[in-house]
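What follows is a single structure, and I will ask about it in a moment.
For ligands, and for the atoms within them, numbers begin at 1 and follow the listed sequence. Note that the structure is predicted; figures quoted are calculated from it, not measured.
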Amino acid sequence: MQLVFATNNLNKLKEVQKLIPQHIKLLSLNDIGCFEEIPETQTTIEGNAIQKAEYIKTHYGYDCFADDSGLEVDYLNGAPGVFSARYAGEQRDANANMNLLLLKLEHITHRAAQFKTVIALQLNGEIDTFTGICKGEITEKKFGNQGFGYDPIFKPLGYNQTFAEMELELKNQISHRGKALMKLISFIQEFPK
Ligand code: IMP
């Protein structure tokens, strides 16, 4: 069985291929000749994940899964959410995004936030979604230099380090993306060869 993972990130692809049953062969967007930008025009994280998976099915004919993630801050009613990548503008600059968020939370003590990933799977004419949440809080300044995006200012609940100070292995175990992925994997384990 073949399944497209709507990503061009080969590291992500390899990591997931290791975790899923051997009889499922994962294909990247490159593998299916998809070099265009897939539209992400929905107003929710879930909507974007579904849109990407459906786009691949409609335009390329493959069963597929796609993920979309974002950071939801309590005090900002869930912002930046689906706009996380371009919070401070279309240049998608992680530092500018963090600086803007720190500014919005200046002097605010309620700093609860969560990362959310939704994976949408388009398989045999059906769409299923798998959600992973990682709760935590926004620190008052940046700590650590590993990872990407908002990692230096997100401290997961129960830990004394930000994501950017953690070993990747630990981050993957507790992260929103890791949790959504585990749900997807246990779902596709059930599929017959
Ligand atoms: P994507 O849908 O995985 O590309 O995530 C959208 C945006 O959310 C990223 O560009 C980051 O700004 C933010 N984001 C998602 N996951 C993480 C994470 O694990 N750490 C830090 N930032 C993240």
Check: Can you find a pair of side-chain heavy atoms, one from Tyr87 and one from Leu71, that are under 4.5 Å apart?
Finding: no

Notebook entry, point to check: Taking heavy atoms and a distance under 4.0 Å, where does Phe115 meet ligand 1: side chain, backbone, both or neither?
Noted result: side chain

Next item on the list: Look only at the side chain of Glu140 and the backbone of Leu105, and say whether a donor-acceptor pair between them is shorter than 3.5 Å.
Entry: no

Check: What is the closest protein heavy atom to atom 19 (O) of ligand 1, and at what distance does it sit?
Finding: Lys171 NZ, 2.8 Å

Next item on the list: Using distance alone, decide if ligand 1 has a nitrogen or oxygen within less than 3.5 Å of any nitrogen or oxygen in His176.
Entry: yes

Check: For ligand 1, is Asp68 a contact, meaning one of its heavy atoms is under 4.0 Å away?
Finding: yes

Note to self: Return the closest protein heavy atom for atom 8 (O) of ligand 1 as residue, atom name and distance.
What the structure shows: Ser84 CB, 3.5 Å

Margin query: Does atom OH (Tyr75) have a neighbourhood of more than 12 heavy atoms from anything else shown, all under 6.0 Å?
Written below: no

Margin query: To check your reading of the model: name the closest protein heavy atom to atom 20 (N) of ligand 1, its residue, and the distance in Å.
Written below: Asp151 OD1, 2.6 Å

Margin query: I'd like to check Lys141 versus Thr139 (side-chain heavy atoms, cut-off strictly below 4.5 Å). Are they in contact?
Written below: no

Note to self: Looking at Asn95, I'd like to know if its CG atom is crowded, meaning that more than 12 non-hydrogen atoms belonging to other residues, nucleotides or ligands lie closer than 6.0 Å.
What the structure shows: yes

Note to self: Yes or no: does Arg92 have any heavy atom under 4.0 Å from an atom of ligand 1?
What the structure shows: no

Margin query: To check your reading of the model: name the closest protein heavy atom to atom 16 (N) of ligand 1, its residue, and the distance in Å.
Written below: Arg177 NH2, 2.7 Å

Margin query: Can you report which non-hydrogen protein atom sits closest to atom 10 (O) of ligand 1, along with the distance?
Written below: Ala85 CB, 3.4 Å

Next item on the list: Under 4.0 Å from a heavy atom of Gly149: give me the atoms of ligand 1 that qualify, with their elements.
Entry: 21 (C), 22 (N)

Item checked: Protein contact of atom 12 (O) of ligand 1 - nearest heavy atom, named by residue and atom, plus distance -> Tyr150 CE1, 3.2 Å

Margin query: Which residue in the set Phe154, Phe115, Phe130 passes ring pair (Phe, Tyr, Trp, His ring centres under 6.0 Å) when paired with His176?
Written below: Phe115

Checklist line | Which residue and heavy atom of the protein sit nearest atom 17 (C) of ligand 1, plus the separation | finding: Phe148 CZ, 3.4 Å

Margin query: Are any of the N/O atoms on Lys12, whether in the backbone or the side chain, positioned under 3.5 angstrom from an N/O atom of ligand 1?
Written below: no

Check: Does some side-chain heavy atom of Ile188 sit less than 4.5 Å from a side-chain heavy atom of Leu121?
Finding: yes

Notebook entry, point to check: Considering distance alone, does some N or O of Lys52 sit under 3.5 Å from an N or O of ligand 1?
Noted result: no

Next item on the list: Check each of Ala49, Ser69, Pro80 against atom 5 (O) of ligand 1 and report the one with the nearest heavy atom.
Entry: Ser69

Notebook entry, point to check: Does a side chain donor of either Gln114 or Lys135 reach within less than 3.5 Å of an acceptor in the other side chain?
Noted result: yes

Item checked: Leu101 backbone acceptor or donor facing Tyr150 side chain under 3.5 Å -> no

Notebook entry, point to check: Quick check: does any side chain N or O of Asp63 sit under 3.5 Å from a backbone N or O of Leu3, one acting as donor and the other as acceptor?
Noted result: no

